[in-house]
Every structure is written in structure tokens, then in C-alpha cells.
Participant: 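Okay, handing you the structure first.
Only heavy atoms go into these numbers, but all of them, side chains included; no hydrogens, no water, no symmetry mates. Predicted model only: the values in this text are computed from it and were never measured. Order of the sequence lines fixes the chain letters, A, B, ..., with proteins taken first and strands second; residue numbering starts at 1 for each chain.
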Amino acid sequence: MLRECGLAHKTIIFVLDEFDLFTQGKQRLLYSLLDAMQCVTSQAVVIGVSCRLNGWLKSAYWVVERVISCNVHRVVDVLVDGYLNLQVSVEILNLFLRVYAKNANVEQCLLVFEKMLRNQLLPDVKNCNRILRSLRDRNMVAKAREVYRMMGEVGIKPSIVTYNTMLDSFCREGEVQQALDLLSEMQRKERYPNDVTYNILINGLSKKGEFNLARGLIGEMLNKGLEVSAYTYNPLIYGYCEKGMVVEALGLGVEMEIRGVSPIVSTYNTFIYALCQQGRASEARQWFSVMLKKNLVPDIRSYNTLIYGYCRLGNTNDAFSLLHDLRTGDIFPTVVTYNTIMDGLCGKGELEDAMQLKDEMTRCGISPDVFTYTILVHGSCKAGNLLLAKELFDEMLHKGLEPDSVAYTTRIAGELRLGDILKACKLQEEMSVKGFPPDIIIYNVFVDGIAKLGNLEEATELLHKMVGDGLMPDHVTYTSVIHAYLEFGNLKKARELFDEMISKEISPTVVTYTVLIHAHAGKGRLELAHMYFSEMQQKSILPNVITYNALINGLCTYRRINEAYSYFAEMKARGIGPNKYTYTILINENCDLGNWQEVSRLFKEMLDKRIQPDSLTYSAMLKNLGKDCKSHAIEYLDFIILGDEETSVIAAGEADRAVMVHFGFGPTSYLGKHKSLCAFPDNTKLYCSKHDFIRAV
DNA sequence: TTAGGGTTAG
């Protein structure tokens, strides 16, 4: 049964018989023995080792796991001191290394490793690799290098796994050159790289943006007849996507298929994420379908990513329908799923719906986390409901959730928006105490907040003072102050700050140029606006839809509509899609000019492009209608409303207000079921579906 | 390899 097998000083070593070990009674005995002996004497140690030849390691592993879970670490000392047969000691110590590595206890791993080496006991290379992997996962590359060196010194021959782990460590640190050096060393030692080696290097190179070198390695793999898999292509695809090079990424997808390499779920998830980030949710959805056609099962990440894509576009309806889809499958939504939709709702100003979703997730057993609260605090601030923001922040604290720097920053930005600089400063001090020293973002929040409140000099001072905290103002800091000066009408001072920014070699961005163009064009300084517009392009800073809108708006304001139209054409030609702002600006101008046919054409064009007009678009169209005409429109509205159960609650007399209430609700479904909306003074008709019309009015 | 904080337009 229980055999005493060695007694030295106060140390007792027992060996358990395999048969007994697996009976429940014996397991209990072992536990109580461990407990008891630990209480009686700290040096009392139990090691159960099955001495049967078949499967003895498994049983011993089981015992070592228990010994470790009972914190009887001193067993190691007994073993290295040589109380047991050397061979058995090494085997058991290897088990300790294995269990410690499995428990991610790097400190104990290193301790055992070093003790073994000091006593000329050589650990198995597999366990050395386990230690190296733990160190890699903790980004302890220097220590990993030391272990690797010690292995060499005592003559533990590295395996291919050793090399691959070290290569991965170097790559994760961004030390691709060191990785390549090690590759040469491998080849010198005739340790030939395998597919994993190449995959790791391709990953490292892709992260550095060295796409051509990475692609070259794929070529090398093929030449050597090594297996090229999705794990080879994924890092490269991910690297391209991260740089926004979706065309190249998708091209690699095609290349994979040609070479007979099957993409896996994560490959498609990468495509989906990249497309969603660029606002191309419909294309992302197509990849989702491709995945299904290939009998691959989308995971929660696929769903979360696509939901994110829809939310980015403000399309929360499709996001909700995906939430429903995944529930009907075997996949369960996570806190990320809910947070994503809640952020989408907040972005549209639908705070109440977001709050409801918070209740719903709680009912489903998913606890709101710091992200959830930050999203809602941000949403409440945006909606101007600072009281709710405070309540939510406090609720987060009461639940024992620790706000991180993002949560604090969000709250501070809210206080500043409402003008409470003192409260903002207090929160910032609290943040510092909690170990979040001011970063560039918190400075930018203060600079922008203070500037927007009209304290321009104070903001400028803060911009110059942050250097004292070791933080350099960046393009956002300068853009904020420049923007504030422009808004308060001091164009000259704004231009001076812009020059200062350039002289400090802080590169302006499209946002910087856009605020300058917007202000100058809006104030009739069209030549300067044009100057900035061409200057940015000389610097390869590409204008976006907002830049064009700023220009078009200025040109319209100063009745230079032909030039406005030529920019309108230019942006389309450059693939920059006009949005609801662009159309509203042009519709507004054409209404002022009485070009009703053009208004009608523009309105139809935007609906055709599935761009949802909002209250300002409709106000622009309705503002110049004669009273008769307006009442005609409202009569028509009544006619439609009366036939519609859902909206019939709106009293006919309140139709005008109802118009405003229903503006901007959800996506327009322009189904081509035309009905006339209203007639302009020259009898031009505006057409849209009944559905749109109700939304509009 | 999915979610949150800072600068832009009607």
C-alpha cells in the first residue's frame, strides 16, 4: 500500500502504488496526508510515483499536480539534492517544469530550471521549450535569450521548436533582423526551418510592413516543398488589411485558392473586419456568405465584426437582425456584441435604446463591463445628459468596476463640454492618483475643451505647457486650437498657429486643412481656401468628403455655384462619394435660386444612392415653399397618415411637427413605389415612396 | 484577428 521509501533529515518521501492511487479513498488519503504533513512540518514531503512500467508518467504527473496545488514546492529541493535515483529525480523535476509551465508559473519554472542546471541535472528540451514559450508570452525576451544561452552552455541541444519559439519572441519584439540572424544560425547547424519557422517569419515581416520580403518567403516555402497553409497567408493578409490595403489582401485570398490553400474562418474574419473598417459592410456581408457556402461556421468574432460594420454606418437595424440570427444558431452573444450595438446606437443619438440594451444584456446574464459604461457615458455626454453620465459612472464604481484611463477621459470630456473646468481638473487629479498620468489624449481633451469654451489664450498656453510634462503637442492639439480660433473669427491667429505647427515639423492632416478651408471658404476668403486645398494635395494629403463639402459650402454661400458643381463632379470622379451633407448644401442653394427641377433631381439622386436625408435636408426643401404649397403637402401627408395604422396617432393638425419628429429615422428603403410628395411653385414634383414620405414628414 | 476616450462639414 503505502511504502516508505526514503528518510533523510526531516524529509519523508513516500511512493504510492498505482492501484491505490486511483481509488478514491487513496486520493483522499493523499490529500489529507499532504495537508497534515504540511501542518506538522514544512519539510515533510510526499511524492506519489507509480512504479509500474506502463503509463507511470501519467500517474506521476497527476501526483505532481497535486503536490504543486498543495504548495509543497520544497519537493524540488529534495529532488535536486539527490535523495532519489538521479534518473527518477530528473524525470520528476521535468514533471514539475511541465506543470509549472502549464500553470503559467514562470517564476517557479525558472527557479527549478536554474536549480537543476546548478546540480548538473539536465531538463528535457521539451520543458526548456515550455519555459521559452512562457517567457515569450510574457514578452520577457531578454530572459528567454538567457535561458537559450544557458541551454547551449550545458549542452541541451535546441530542437526546431526551440528555434521557432525564439524566432517568434524576436518577431514579437519587432526584432526581425535578430530572427533572420537566428535563421542563418539554424541553417549553419543544419537545423532546417520547417513551415512553422516560415509562418513565424512571415508574421514578423508582415507586422513590419515588409510585405515583399514576406511574399518572398512564401515563394521559398513552395520551392522547398514546405506546406503552405492559411497560417502562412493569414498574417500577410492581416498586415495588408491593417495598412488599409484591402485590394492586396483580397488578392492574396485569390492566390490562396489558386494554390489550393483553403482559407479558414479567421481569414474571412480579417477580410470582413477590413471592409467594415472602410465602411463597406455590404461587401463584408458577401464574404460572410462565401464562408457559409464553403461550410465554414462563422464564429462570434465574425458576427461581432459584421455587427460593428453595420453600426459604423449607423445601420443598427441590420446589426440587430444579426444579433437575432446568432441567437437562433448555437452561438451566444458576448459583452462585445452588446457593447458594439450600444455604441452604434449612441452614435445615432439613440441613447434610450442603448440603455435598454444594457438591461437586456444583464437579463441574459452578461454583465456590463468598463467598455459598456464608457460607451454609455460617452453617449450621454453626446446627448447633453451629463446627469446620466455621472450616474452611469458612479454605477460603474458601485459595481466594483475600476475605470481605466479611457473611462476617465470620457467623463472629463463630458464635464468640459458643459463648462465645468474645475470638476474636470479634479477628475484628472483622481486619475493621476490611480496611476494614469496625463497622456496626449487627456491634454488634447483639455486643450480642445478649454478652447471651445472660448478661453483661446488659456488653451494656447496649455498647448505650449504640455512640453513640460514631457508630452509634445501633436496634430490634434494644434488642429483643436486652430479650429477654435477660426470659429471665433480670428483667422489670422489660426494661420499663425498653423505656421508654428509646420515649423515644429508636426504634419497637418486632412482635418487640419479641412478646418482651414471651411473657415476661409465660409468667410468668403475663397482664394485662401483654394490655396490650402492645392497645398494639401501637393503634400499628398488627400481631401475627403468633408473637405469637399467645406469648399462646396463656401462656394454656394458666395453664389459661385458653377465652381461648386465642378468640385461636386471632381469628388465623384475621384471616387469620394457625396453624402447627405453634400446633397443638403446643393439642395439648399438650388432652393434659394428657385431651381426646383434641380432640387428634385438631386433629391432623387441621393435616394437612389440610398443616402438617408435628415431633418435639415427636408427643411431646406420646405423652407421656401409658399404657404399654400406647404399646406398642400400637409394635406397629402394627412391622406397618407390616415391610411396608416402605425402613424395614424399623429393628429392631422400636428403633421408639420410630426414631420420633424420622424426625420432621420433609420435607413431609407427606397423601393421605387412612387407617390408624389409635393409640388414646388413651378409645379415640379418631388417623388418618393410612401414610406420615405412618412419618415420625411 | 471583434467593442470604449482627443481634432472636421450642411
Participant: Under 4.0 Å, heavy atoms only, any strand: does A/Thr340 hit a base, just the sugar-phosphate, or nothing?
Facilitator: sugar-phosphate
Participant: Of the listed nucleotides (B/dG5, B/dG10, B/dT8), which one gets closest to any side-chain atom of A/Asn553?
Facilitator: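 It is B/dG10.
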Participant: Tell me if the side-chain of A/Asp614 makes a donor-acceptor pair with the base of B/dG10, cut-off 3.5 Å, by modelled atom types.
Facilitator: yes
Participant: Phosphate oxygens OP1/OP2 of B/dT8: is one of them under 4.0 Å from a side-chain N or O of A/His483?
Facilitator: yes
Participant: Name the nucleic acid region contacted by A/Val370, choosing base, sugar-phosphate or nothing; use a 4.0 angstrom heavy-atom cut-off, strictly under.
Facilitator: base
Participant: Counting the atoms with a prime plus P, OP1 and OP2 as sugar-phosphate, which does A/Asp299 contact under 4.0 Å by heavy atoms, base, sugar-phosphate, or nothing?
Facilitator: nothing
Participant: Can you tell me if A/Tyr273 touches the phosphate of B/dA3, counting only side-chain N or O atoms and a distance under 4.0 Å to OP1 or OP2?
Facilitator: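 Yes, such a contact exists.
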Participant: Under the side-chain contact (heavy atoms from CB on, under 4.5 Å) rule, what do A/Ile272 and A/Phe288 come out as? Steps first, then yes or no, please.
Facilitator: CA-CA 7 Å; A/Ile272 292 171; A/Phe288 193 84; 4.1 Å; yes
Participant: For the side chain of A/Asn549, counting heavy atoms from C-beta on, which of B/dG5, B/dA9, B/dT1 is nearest?
Facilitator: B/dA9
Participant: Are the charged groups of A/Arg495 and A/Asp499 less than 4.0 angstrom apart, N to O?
Facilitator: no
Participant: Roughly how many Å is it from CG in A/Asp448 to C1' in B/dT8, rounded to a whole number?
Facilitator: 11 Å
Participant: Would you call A/Lys604 and A/Glu598 a salt bridge, taking side-chain N to carboxylate O under 4.0 Å as the test?
Facilitator: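 The answer is no: the pair does not qualify as a salt bridge.
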Participant: Name the closest nucleotide to the A/Thr410 side chain, picking from B/dA3, B/dG5, B/dA9.
Facilitator: B/dG5
Participant: Kindly point out which of B/dT1, B/dG10, B/dG4 is positioned nearest to the side chain of A/Leu616?
Facilitator: B/dG10
Participant: Apply the side-chain contact (heavy atoms from CB on, under 4.5 Å) test between A/Asp474 and each candidate in A/Thr509, A/Ile441, A/Ile440; give the one that qualifies.
Facilitator: A/Ile440
Participant: The side chain of A/Tyr581 lies closest to which of these nucleotides: B/dA3, B/dA9, B/dT8?
Facilitator: B/dA9
Participant: Nearest whole angstrom, please: distance from the C1' of B/dT7 to the OH of A/Tyr443.
Facilitator: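 Distance, rounded to whole Å: 18 Å.
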Participant: For A/Tyr618 and B/dG10, give me the distance from atom OH to atom C1', rounded to whole Å.
Facilitator: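 Answer to the nearest Å: 15 Å.
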Participant: From CE of A/Met606 over to C1' of B/dG10, roughly how many Å is that when rounded to an integer?
Facilitator: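 One finds 10 Å between C1' of B/dG10 and CE of A/Met606, rounded.
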Participant: Could you state the atom-to-atom distance from CD1 of A/Ile517 to C1' of B/dT7 in whole Å?
Facilitator: 15 Å
Participant: In terms of side-chain heavy atoms of A/Tyr308, which of B/dG4, B/dT1, B/dG10 is nearest?
Facilitator: B/dG4
Participant: Given atom CG of A/Leu322 and atom C1' of B/dT2, what is their separation to the nearest angstrom?
Facilitator: 13 Å
Participant: Could you tell me how far apart A/Ile611 (CD1) and B/dA9 (P) are, to the nearest whole angstrom?
Facilitator: 19 Å
Participant: Measure from the side chain of A/Asn544, starting at C-beta and using heavy atoms only, and say which of B/dA3, B/dT2, B/dT8 lies closest.
Facilitator: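 Within the option list, the nearest is B/dT8.
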Participant: Indicate whether the side chain of A/Asn549 and that of A/Asn579 have a donor and an acceptor atom separated by less than 3.5 Å.
Facilitator: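 Per modelled atom types, A/Asn549 and A/Asn579 side chains form a pair under 3.5 Å.
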Participant: Using the side-chain heavy atoms of A/Ile375, tell me which of these nucleotides is nearest: B/dT8, B/dG4, B/dT1.
Facilitator: B/dG4
Participant: Using whole Å, what does the distance between atom C1' of nucleotide B/dG4 and atom CG of A/Asn304 come to?
Facilitator: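 Those two atoms, CG and C1', are 14 Å apart.
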Participant: Could you tell me whether A/Tyr548 and A/Phe533 have their ring centroids closer than 6.0 angstrom?
Facilitator: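 Close enough - the centres of the two rings lie under 6.0 Å apart.
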Participant: A/Lys452 side chain: which of B/dT7, B/dT1, B/dA3 is closest?
Facilitator: B/dT7
Participant: Does A/Lys382 place a side-chain N or O at less than 4.0 Å from the phosphate oxygens OP1/OP2 of B/dG4?
Facilitator: no
Participant: So A/Val511, base contact, sugar-phosphate only, or nothing? Heavy-atom distance under 4.0 Å.
Facilitator: base
Participant: So, does A/His378 get its side chain near the phosphate of B/dG5, meaning an N or O under 4.0 Å from OP1 or OP2?
Facilitator: yes
Participant: Are any of the side-chain nitrogens in A/Asp394 or A/Arg411 under 4.0 Å away from the carboxylate oxygens of its partner?
Facilitator: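 Salt bridge flag = no for A/Arg411 with A/Asp394.
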Participant: Nearest to the side chain of A/Ser405, heavy atoms from C-beta on, is which of B/dA3, B/dG5, B/dT1?
Facilitator: B/dG5
Participant: On a plain distance test, is the side chain of A/Asp369 in donor-acceptor contact with the base of B/dG4 below 3.5 Å?
Facilitator: no
